[in-house]
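Everything numeric here is computed off the predicted structure, so don't read it as measured data.
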Amino acid sequence: MGLDGYAARIEALARELGLAFAPVEFELVPDNFMNEIANYGLPVRMRHWSFGVRYIHQLVHQKMGNSHIFEVMFPGDPCHAYMAEHNSVAENTLVTAHVLGHADFASRNALFLRFGAMAGQHILQQSAARARRLEIALQRYGQEQVEAVLDAALALEQHVDIHAELHRLPYAAASGPAGVAGTPDQAAADDSFDRRYRRLPGEAAKLAAREAASARLAQRPLLPPQAEYDLLWFIAQHGPELADWERDIFLAVREESFYFYPVYACQIMNEGWASYWHARLLREADFLPPALYLSAIKSHSDVVRPYAGEHQQALAVNPYHLGFCMWEHIIEREGLARARQICRDDDDCSFIRNYLDGELADRLGLFVHESRRDGETRLASRDLRAIREAILAPKYNYGVPCIAVTLLNDDGSLVLRHDHQRDGRGLDLERAEQVLAYFARIWRRPVTLHTADFRGTPRVLHSKSDGVPEPPKPATPPVPAAAPVQH
């Protein structure tokens with residue numbers, strides 16, 4: 001029996017065991033195309049030099065034996081899964097079971113369902129259409145001009161408001177006119193207590209002052225009306241000199257960020273769930289030949305091992321290993337029905353905080369380490385809360401600082417503020433200046449950023465006065481101050 005036969009029987013077994021998923025379209029692809037998909041994030045996507053840099057890094061890791069891409073899967077209806085041609089039949093049998101676990105997770109998890117409904121279930125077709133529009137822009141305006149816009153959009157791609165809707169109304173349309181029936185102001189005016197309160201001595205004058213202030217604001221509304229964390233949306237809506245094709249790029253990058261957010265926010269849960277189910281499906285697939293089963297289980301062990309390599313210690317958590325162990329722990333203690341409720345309701349933050357207990361952390365040998373600038377690495381804590389927060393710290397707010405637009409001035413200059421108390425960290429000022437340069441180059445007006453450095457000292461960064469700073473240098477990723485490690 002070949003891969004197609006095993007895959008069909010594994011899918012039937014998965015449905016017997018209660019997995020529910022949209023149809024999955026599998027495709028065998030060459031190794032180079034698999035690398036392109038993994039590094040571009042989609043089979044067809046807007047061209048940009050940063051994807052090429054990732055591609056080179058991926059090839060280096062593969063040559064060193066530190067990376068092996070078995071599959072890439074895209075949730076949707078249908079789901080799309082790509083498997084490498086060089087995989088053995090045993091490896092692709094495991095991949096088939098793993099992908100079905102991913103598809104089941106995407107069909108249950110509330111975050112996947114919400115963002116899938118907003119971003120659409122046909123991401124591959126949408127991405128291809130956007131890539132086509134970008135190619136037209138490249139032909140009309142040239143690579144240098146288009147790439148400058150993409151540089152800025154991709155530098156800010158995670159700066160979206162995940163609590164807002166993908167398809168937002170402009171501020172005025174969203175808020176509605178004051179005093180219209182059904183608005184909070186009108187509801188308050190109709191309240192009998194409120195009417196009596198307004199008759200109290202001194203309150204009439206205060207009310208008149210508030211109404212006069214509201215009238216002035218109505219003539220020149222404050223933008224944004226509240227701190228705006230969706231930087232891509234704000235630029236696309238209010239960029240003073242953006243052409244339509246430039247706004248289209250920002251909205252396209254924003255839409256893809258919405259699609260990718262659940263994958264990012266549920267990585268440990270999702271990879272662990274898929275690993276649990278591929279192990280269980282292989283174990284219960286009595287139709288698999290013993291030799292194929294043993295080879296597939298060997299691949300499973302390679303996927304969920306906690307170490308970076310033979311006789312090496314990992315300096316970061318393997319999400320496959322941690323998620324797999326947590327789901328086994330939950331199902332053993334609370335049953336499969338409870339695990340499916342957790343699968344539906346949680347993301348990685350609540351999953352780690354609620355279900356990574358002390359017993360499991362001890363069994364996995366989890367601890368927090370500190371990496372110093374001189375290269376020394378040492379154990380910092382075995383406290384369970386510290387371990388949880390070290391795992392989750394890089395995932396907060398889509399992995400980027402909490403930066404909001406707070407004021408658009410009359411002259412078009414912009415004020416940004418970094419809420420460093422909210423995200424609990426200061427900025428690397430050199431990198432912050434580079435990203436601010438990208439922002440100002442596309443905003444084409446002066447931009448100011450209020451932030452704090454790594455010590456928490458308040459700092460104010462300014463773009464050049466003409467709003468067109470020097471092109472930034474390539475950034476080097478900072479070394480995390482504290483991260484979990486298993487040994």
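Residues E256 and M46 have side chains in contact (heavy-atom distance under 4.5 Å, counting atoms from C-beta outward). Side-chain contact check for N318 versus E271: every heavy-atom pair is 4.5 Å or farther apart. Looking at F33 and P43, their side chains come closer than 4.5 Å, going by heavy atoms from C-beta outward. Between L223 and V405 the shortest side-chain heavy-atom distance does not fall below 4.5 Å. Side-chain contact check for L322 versus I352: some heavy-atom pair is nearer than 4.5 Å. Inter-residue side-chain proximity for P224 and T406 is flagged as unmet; no heavy-atom pair is nearer than 4.5 Å. Counting only heavy atoms from C-beta outward, the side chains of L429 and T451 approach each other to under 4.5 Å. Side-chain contact between C79 and V99 is absent, with no heavy atoms from C-beta onward closer than 4.5 Å.
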Dump the intermediate steps for side-chain hydrogen bond (donor to acceptor under 3.5 Å, both in side chains) on N354 and S350, then the final yes or no. CA-CA 6 Å; N354 293 334; S350 55; 4.8 Å; no

Go through it in stages, so that I can follow the logic: the residues are R140 and E135, the test is salt bridge (charged side-chain N to carboxylate O under 4.0 Å, His left out), and I'd like the CA-CA distance, side-chain angles, deciding distance and then a yes or no. CA-CA 9 Å; R140 287 183 179 177; E135 291 300 315; over 6 Å; no

Go through E157 and R254 one step at a time and tell me if the salt bridge (charged side-chain N to carboxylate O under 4.0 Å, His left out) criterion holds. CA-CA 6 Å; E157 65 178 326; R254 178 174 178 266; over 6 Å; no

Step by step, work out the side-chain hydrogen bond (donor to acceptor under 3.5 Å, both in side chains) result for D383 and S381. CA-CA 5 Å; D383 176 70; S381 176; 5.0 Å; no

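Smallest separation of non-hydrogen atoms from F70 and V303: CE1-CG2, 4.0 Å. Closest of all the heavy-atom pairs between F112 and A106 is CB-O, 3.6 Å. Of all heavy-atom pairs spanning A137 and W245, the tightest one is CB-CE3, 4.1 Å. Nearest heavy-atom pair, F250 versus A153, reported as atom, atom and distance to 0.1 Å: CE2-CA, 3.7 Å. Nearest approach of V435 to A155, heavy atoms of both residues: CG1-O, 4.4 Å. For L138 against Q143, the heavy-atom pair with the smallest separation is CD2-CA, 3.7 Å.
Cation-pi contact between R422 and Y229: present, with separation from the ring centre below 6.0 Å and deviation from the ring axis of at most 45°. By the 6.0 Å and 45° rule, R168 stacks over the aromatic ring of W233.
Going from atom CD1 of I268 over to atom CH2 of W273 covers 16.0 Å, rounded to the nearest 0.5 Å. Residue L251 holds its CG atom at 8.5 Å from CG of L232, rounded to the nearest 0.5 Å. Rounded to the nearest 0.5 angstrom, S275 OG and H98 NE2 are separated by 4.5 Å.
For the residue pair R338 and Q341, a side-chain donor N or O sits within less than 3.5 Å of a side-chain acceptor on the partner. Judged by distance alone, the side chains of H102 and N270 do bring a donor and an acceptor atom under 3.5 Å apart.
Judged purely by atom type and a 3.5 angstrom limit, D347 has no side-chain atom pairing as donor or acceptor with the backbone of A265. Distance alone, capped at 3.5 Å, is enough to place a donor-acceptor pair between the E246 side chain and the A243 backbone. Proximity of a side-chain donor or acceptor of K395 to a complementary backbone N or O of Y264 within less than 3.5 Å is detected. Here the side chain of E165 pairs no donor or acceptor atom with the backbone of M118 at under 3.5 angstrom. Side-chain atoms of D348 come within 3.5 Å of backbone N or O of Q267 as a donor-acceptor pair. Remark: side-chain polar atoms of D428 are paired, donor with acceptor, to backbone N or O of E430 under 3.5 angstrom. In this structure a side-chain-to-backbone donor-acceptor pair under 3.5 Å is present from S127 to V44. Remark: the backbone N or O of S413 is paired with a side-chain donor or acceptor of D411 at under 3.5 angstrom. For the pair R388 (side chain) and L356 (backbone), a donor-acceptor distance under 3.5 Å is present. With hydrogens and angles disregarded, a donor-acceptor distance shorter than 3.5 Å links the side chain of S257 to the backbone of V253.
Between R133 and D248 a salt bridge is recorded (basic side-chain N to carboxylate O distance below 4.0 Å). E433 and R459 are not joined by a salt bridge, as no carboxylate oxygen comes within less than 4.0 angstrom of a charged side-chain nitrogen.
The aromatic ring centroids of F324 and H300 lie less than 6.0 Å from each other. For H238 and Y171, the ring centers are positioned less than 6.0 Å apart. Between Y261 and Y398, the ring centre distance stays below 6.0 Å.
Environment of CZ in R47: sparse, with no more than 12 heavy atoms of neighbouring residues, nucleotides or ligands closer than 6.0 Å. Summarising the local packing, CD of Q125 is surrounded by more than 12 heavy atoms from other residues, nucleotides or ligands at distances under 6.0 Å.
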Exercise answer: donor-acceptor pairs, residues 359-367 side-chain atoms, under 3.5 Å, sequence neighbours excluded:
residue: E359; atom: OE1; partner: R333; partner atom: NH2; Å: 2.2

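Between W327 and the choices Y320, W277, F351, Y276, the ring-ring contact (aromatic ring centres under 6.0 Å, His included) rule is met once, by F351.
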